[in-house]
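Structure first, then comments.
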Amino acid sequence: MTQAPLLRRITDYANRADPYPLYEELRRTPVLQEEEGGPYAVSSYYDILGLLHDPRISSDAAHLTAPDDDELSEPEATGLPPSFLRLDPPEHDRLRRIANRSFGPPHRPHRIDSLRGELARIVTGLIDGFGDARQIDVVDQFAHPFPVTVICRLLGVPREDEPRFRGWVDLIVAALDPETRQSGDPQFLRTAQEARMQLGMYLAELVEQRAREPRDDMLSDLVADHGPDGAMSTMEVLSTAVLLLIAGHETTVNLIANGMLTLLRHPEFLHRLREDPALSVRIVEELLRYEPPVQLLPQRTCVADIELRGITIPKGSRIWLVLAAGNRDPERFRDPDRFDPDREDLGHLGFGSGIHICFGAPLARLEAQLALTELVRRLDNPRLVEDPPPYRQNAVLRGPRHLRIAVDAVRPSEAVRF
Amino acid sequence: MRLVVDLNKCQGYAQCAFLAPDVFTMHGEESLVYNPRVGPEQREQVARAVAACPVGAIAVEGLREASDAG
């Protein structure tokens, strides 16, 4: 019997629930090009880390010599200029610096830290919303609404607009899923395209307002012309806002859902977390290694020939950096297939590394730490209803589509100290 | 608690300054300033900062003790 090529088995939905044996197989050929014109998959920890810091690796789609047409390619054009995720220096650096002035140190050192109380209120409200249900979908009822609410507060979307905003984001995010794109229901895709336009128009108006009357929010800072790099153009603000929304959404949903799933599969740590909220810090780091929300980076290309383990990757080739495989590389992590929040050895690739290291990492960490702590504290005797849960189609942003759990009760909230 | 940051390892990712902004401060894009002696009220923030450092450059003496006492 002939087997399908390994990279195709990795993207095959049938293997979504447990791709890790395939990554182990992949690491046996740490630089693998299976098909003519196909990507070079890199899967060992140190090779990936090296390439993430290598200036010969580009994130700019313009460097591709081969057409970008496999299942992991970009969805339809947004009509916006590329965000800094898909740019190289110096443009990447300029936009990321301006974005950072609105988000973190040195200019806004307390932006994220000061959100902690708000995050706790949002989490409490969502768990209160479970009511006296005995079965809960952690994805639909919790992990999915949480990050978009946070991003609204961060950007400065007024509360009364949040439901509308969320409606657009839900459609846009749904349209990014490969399943939706492949089934290609033209009606749905038109609705999603419409949502994208409306979100863009809404944000453009909000940006204009904030330029006239700045407030203490990210949009105001993005359009304020006070840094050495000047302000972003309105179009640049829009692509940055859409980037934060989309890149920050699904990934956080998956981190929380993968987290709850993993804790339910390792109840020892669930019980310990319930007793000791400080353990959430280690649990989230270990999750980022063990079940990273971004499994691989499929969109890098090399702008020069690169020699790696005796193989020449020619200029213009596409490279997959398989973070989830590197995270379980036994050369780097002892007993890598074991979920062990007690390990001293941090240093996962869950947020990438180098100049494109996850922009929202500090926020994602806080969101996941708080979410998991509160879920295990307030859910009485949580059990998985199905294991494995149904997964999303997406092989890159991998996570459960639903995570149904049964509980004996939802405990009332107490004052949350976070 | 006493803190030491290995400034040869530090790459200026600033994760610590996001998560414990009253302990770690960025001066400009890349240089880190920190207070090596921190009170127990900063314990949670410092624990988050230590774990978030991508290069593992932050060492803390007394973090666990502070945790047990708290």
Side-chain angles (χ1 to χ4, degrees), chain A residues 49 52-53 93 96-97 100-101 103-116 227-229 276-289 341 343-366 368-370 373 417-418, chain B:
Chain A
L49 190 62
L52 285 168
H53 288 265
D93 299 3
R96 184 158 170 155
R97 269 197 308 265
N100 193 60
R101 283 181 74 85
F103 185 68
H107 201 66
R108 290 281 182 241
H110 287 87
R111 172 81 73 209
I112 297 306
D113 186 57
S114 65
L115 262 181
R116 286 185 294 143
D229 293 300
D276 177 17
L279 188 64
S280 65
V281 172
R282 292 186 156 276
I283 287 179
V284 169
E285 294 309 311
E286 177 66 345
L287 280 171
L288 286 160
R289 184 192 72 81
R343 64 175 77 234
E344 290 299 323
D345 193 16
L346 303 170
H348 57 76
L349 299 169
F351 286 131
S353 189
I355 64 167
H356 290 284
I357 193 169
C358 175
F359 181 80
L363 177 61
R365 284 185 160 110
L366 283 182
Q369 289 161 4
L370 178 60
T373 302
R417 192 171 68 98
F418 190 67
Chain B
M1 285 179 291
R2 266 165 51 114
L3 285 179
V4 183
V5 179
D6 183 340
L7 293 172
N8 290 319
K9 280 191 187 170
C10 176
Q11 299 289 314
Y13 283 115
Q15 302 296 299
C16 56
F18 275 95
L19 295 170
D22 298 316
V23 178
F24 302 95
T25 316
M26 297 302 290
H27 275 225
E29 299 267 317
E30 275 166 19
S31 66
L32 175 72
V33 177
Y34 67 98
N35 178 356
R37 289 200 169 274
V38 281
E41 74 287 351
Q42 290 289 332
R43 176 176 49 85
E44 284 177 37
Q45 276 92 332
V46 168
R48 288 197 190 102
V50 171
C53 179
V55 292
I58 310 171
V60 190
E61 199 175 84
L63 187 63
R64 299 257 161 140
E65 290 88 324
S67 167
D68 294 342

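Below, read A as the first sequence line, B as the second, and so on, with proteins coming before strands; counting in each chain starts at 1. Keep in mind that the numbers below use all heavy atoms, side chains included, and drop hydrogens, waters and symmetry copies.
Note: A:Leu115 CG to A:Leu370 CG = 11.0 Å, rounded to the nearest 0.5 Å. Summarising the geometry, atom OG1 belonging to A:Thr373 is positioned 7.5 Å from atom CD1 belonging to A:Ile283; distances are rounded to the nearest 0.5 Å. To the nearest 0.5 Å, atom CG of residue A:Asn100 and atom CZ of residue A:Arg111 are 11.0 Å apart. The distance from atom CG of B:Leu32 to atom CD1 of B:Ile58, rounded to the nearest 0.5 Å, is 7.5 Å. With rounding to the nearest 0.5 angstrom, the CZ atom of B:Arg2 is 5.0 Å from the CD atom of B:Glu61. Rounding to the nearest 0.5 angstrom, the gap separating the CD atom in A:Glu285 from the CZ atom in A:Arg365 is 4.0 Å.
For the set A:Arg97, A:His348, A:Arg108, the entry with the most heavy-atom pairs within less than 4.5 Å of chain B is A:Arg97.
For A:Ser353, the parts lying near chain B are the backbone and the side chain together; criterion is any non-hydrogen pair under 4.5 Å. For A:Glu344, the part lying under 4.5 angstrom from a heavy atom of chain B is the side chain only. Interface remark: A:Phe103 contributes backbone and side-chain atoms alike to the contact with chain B (heavy atom separation under 4.5 Å).
Residues of residues 9-19 of chain B lying within less than 4.5 angstrom of chain A, judged on heavy atoms, are B:Tyr13, B:Ala14, B:Gln15, B:Ala17, B:Phe18, B:Leu19 in numerical order.
Using a 4.5 Å cut-off on side-chain heavy atoms (C-beta onward), B:Val33 and B:Phe24 make no contact.
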Passes salt bridge (Lys or Arg N to Asp or Glu O under 4.0 Å), B:Arg48 versus B:Glu44? Steps please. CA-CA 6 Å; B:Arg48 288 197 190 102; B:Glu44 284 177 37; 3.7 Å; yes
